[in-house]
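Quick caveat: nothing in here was measured; it's all calculated off a predicted structure. Just so it is clear, the values below take in all heavy atoms, side chains as well, and ignore hydrogens, waters and symmetry mates.
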Amino acid sequence: MHTLPTLTYNFSSLEPVIDGATMEIHYSRHHQKYVDNLNEALESYPEGQNKTVEDLLLNFDSVPEEIKNKVKNNGGGHANHSLFWQILKTPQADNEPQVDSQIGKAIVKDFGSFTDFKDKFTTTALGQFGSGWAWLVVSGGDLQIISTPNQDSPLMSGQFPILGLDVWEHAYYLKYQNKRPDYVANFFSVINWPQVEKFFLEHVK
């Protein structure tokens with residue numbers, strides 16, 4: 001049985017970047033619905049009920065055809081949001097990874113500089129048409145920036161997300177209305193870089 005992860009901060013902790021009302025609706029209603037729908041889909045797949053959502057998505061080919069779409073949409077929604085909550089923290093000006101940290105060094109190696117990383121991530125987030133996500137993933141030991149539509153998970157392609165930004169309108173519309181660029185720009189101040197580094201180190205040799 002899949003359940004909502006426990007948040008380590010209050011709904012209002014990310015203000016003014018992400019308002020408390022959006023956080024409560026996003027977590028308590030949207031994410032909960034993905035969890036409920038995933039559990040319902042897995043009722044017909046007993047051997048999948050004890051697997052983590054990450055295992056389900058990494059081994060997506062083994063999911064029965066009749067529930068594949070539900071697992072993709074709702075398992076992806078569950079996995080994507082579970083990571084998203086963990087990489088957020090109280091806003092901080094000039095929020096960057098430590099230059100001598102492993103993630104800081106990897107960003108410079110793979111993107112040239114932190115500024116270049118921000119520019120590419122921003123372009124990717126703004127370029128995702130409609131609902132979806134922008135991601136920093138580990139692929140083949142290197143960092144890549146990608147986007148996925150809807151609730152598709154990078155795990156389904158064998159890529160390991162370590163940082164993600166939800167660009168569905170439900171993630172920002174109460175505060176930003178249609179101003180996705182403002183939401184994306186402010187996102188960098190709430191990234192929990194120590195947590196991103198922990199995810200990074202789990203997927204590099």
Side-chain angles (χ1 to χ4, degrees), residues 14 17-18 22-23 26-27 30-31 33-34 38 53-54 56-58 60-61 68-88 95-97 103 106-193 195-197 199-200 202-204:
L14 307 178
V17 175
I18 302 176
T22 294
M23 276 296 300
H26 199 171
Y27 172 82
H30 288 282
H31 192 172
K33 188 66 173 177
Y34 293 128
L38 176 62
V53 67
E54 290 80 12
L56 286 170
L57 296 168
L58 282 168
F60 190 65
D61 287 346
K68 259 186 163 62
N69 199 50
K70 287 184 178 180
V71 171
K72 178 179 74 169
N73 292 336
N74 296 288
H78 179 31
N80 294 346
H81 285 89
S82 294
L83 182 141
F84 185 52
W85 309 134
Q86 293 182 72
I87 57 88
L88 299 175
N95 184 37
E96 299 182 10
I103 187 62
I107 284 174
V108 171
K109 176 180 75 72
D110 291 326
F111 302 106
S113 69
F114 183 72
T115 297
D116 290 336
F117 157 75
K118 281 182 66 175
D119 288 345
K120 184 171 183 180
F121 192 91
T122 297
T123 298
T124 300
L126 297 181
Q128 172 56 42
F129 180 77
S131 300
W133 292 75
W135 300 102
L136 178 65
V137 301
V138 177
S139 182
D142 297 321
L143 294 178
Q144 294 181 14
I145 293 171
I146 66 168
S147 64
T148 57
N150 302 314
Q151 292 297 351
D152 290 13
S153 167
L155 294 169
M156 294 168 58
S157 301
Q159 297 170 306
F160 296 94
I162 63 172
L163 170 68
L165 175 58
D166 189 345
V167 294
W168 283 62
E169 286 188 343
H170 67 234
Y172 63 88
Y173 206 81
L174 287 182
K175 178 177 177 65
Y176 296 95
Q177 287 89 49
N178 63 331
K179 300 173 185 175
R180 186 191 288 188
D182 292 349
Y183 166 66
V184 174
N186 290 336
F187 168 68
F188 293 98
S189 68
V190 294
I191 296 174
N192 183 345
W193 283 110
Q195 182 61 57
V196 175
E197 179 167 70
F199 288 142
F200 171 67
E202 290 174 4
H203 300 297
V204 293

* How about His170 and His26: does a side-chain donor come under 3.5 Å of a side-chain acceptor? -> yes

* **Atom pair NZ/CG of Lys72 and Leu57 - distance to nearest 0.5 Å** => 11.0 Å

* Structure fact -> With sequence neighbours left out, the residues meeting side chain to side chain donor-acceptor pair (under 3.5 Å) with Asn186 are Tyr176

* **ring-ring contact (aromatic ring centres under 6.0 Å, His included) partners of Phe160, counting only residues at least two apart** => His203

* Structure fact -> Taking every heavy atom of Ile191 against every heavy atom of Asn95, the minimum-distance pair comes out as O-ND2, 2.8 Å

* Minimum heavy-atom distance Pro161-Leu83, with the two atoms named -> O-CD1, 3.1 Å

* What distance do Ser157 atom OG and Ile146 atom CD1 have between them, rounded to the nearest 0.5 Å? -> 6.5 Å

* Asked: Is Lys175 salt-bridged to Asp182, cutoff N-O under 4.0 Å?
  -> no

* Which distance, rounded to the nearest 0.5 Å, do you find between the OG of Ser147 and the CZ of Phe129? -> 13.0 Å

* Gap between atom NZ of Lys109 and atom CG of Asp142 - 0.5 Å precision -> 4.5 Å

* Passes side-chain contact (heavy atoms from CB on, under 4.5 Å), Gln159 versus Ser153? Steps please. -> CA-CA 9 Å; Gln159 297 170 306; Ser153 167; over 6 Å; no

* So how far is it from Met156 CE to Leu56 CG, rounded to the nearest 0.5 Å? -> 11.0 Å

* To do: Verify the neighbour count for atom NZ of Lys33: are there more than 12 heavy atoms of other residues, nucleotides or ligands below 6.0 Å?
  => no

* Identify the two heavy atoms, one from Leu163 and one from Val196, that lie closest to each other, and give their separation to 0.1 Å. => CD1-CG2, 4.1 Å

* Does Leu155 reach the side chain of Glu54, with side-chain heavy atoms less than 4.5 Å apart? -> yes

* With side chains defined as the heavy atoms from C-beta onward, is the minimum distance between Leu38 and Lys70 less than 4.5 Å? -> no

* Asked: Can we call the ring centroids of His81 and His30 under 6.0 Å apart?
  -> no

Under 3.5 Å, side-chain donor or acceptor atoms of residues 131-138 against the rest of the protein: list the pairs with distances, not counting sequence neighbours.
unit_1	atom_1	unit_2	atom_2	d
Trp133	NE1	Gln151	OE1	2.9
Trp135	NE1	Thr148	OG1	2.8

* Asked: Where do Asn80 and Asp166 land on the side-chain contact (heavy atoms from CB on, under 4.5 Å) test, with the steps shown first?
  -> CA-CA 8 Å; Asn80 294 346; Asp166 189 345; over 6 Å; no

* **Least distance between heavy atoms, Tyr34 atom then His78 atom** => CB-N, 4.0 Å

* Asked: So do Trp168 and Tyr173 actually touch side chain to side chain, heavy atoms under 4.5 Å?
  -> no

* Using the side-chain contact (heavy atoms from CB on, under 4.5 Å) rule, take Tyr172 and Val184 through it: C-alpha gap first, then chi angles, then the decisive distance, then the call. => CA-CA 9 Å; Tyr172 63 88; Val184 174; over 6 Å; no

* Which heavy-atom pair separates Ala125 from Leu165 by the least distance, and what is that distance? -> CB-CD2, 4.1 Å

* Asked: Heavy-atom distance under 4.5 Å between the side chains of Met23 and Trp85, does that happen here?
  -> yes

* Pairing residues for Phe114 by the ring-ring contact (aromatic ring centres under 6.0 Å, His included) criterion, not counting sequence neighbours -> Phe117, Trp193

* To do: For Thr22, check side chain to side chain donor-acceptor pair (under 3.5 Å) against everything at least two apart and list the hits.
  => Asp19

* Minimal non-hydrogen separation, Ile103 against Pro97, with atom names -> CG2-CB, 3.9 Å

* To do: State which residues pass side chain to side chain contact (heavy atoms under 4.5 Å, CB included) with Lys120; sequence neighbours excluded, sorted by chain then number.
  => Phe111, Thr124, Ile145

* CD of Glu96 to OG of Ser189: how many Å apart, nearest 0.5 Å? -> 12.0 Å

* Passes side-chain contact (heavy atoms from CB on, under 4.5 Å), Leu126 versus Arg180? Steps please. -> CA-CA 7 Å; Leu126 297 181; Arg180 186 191 288 188; 4.0 Å; yes

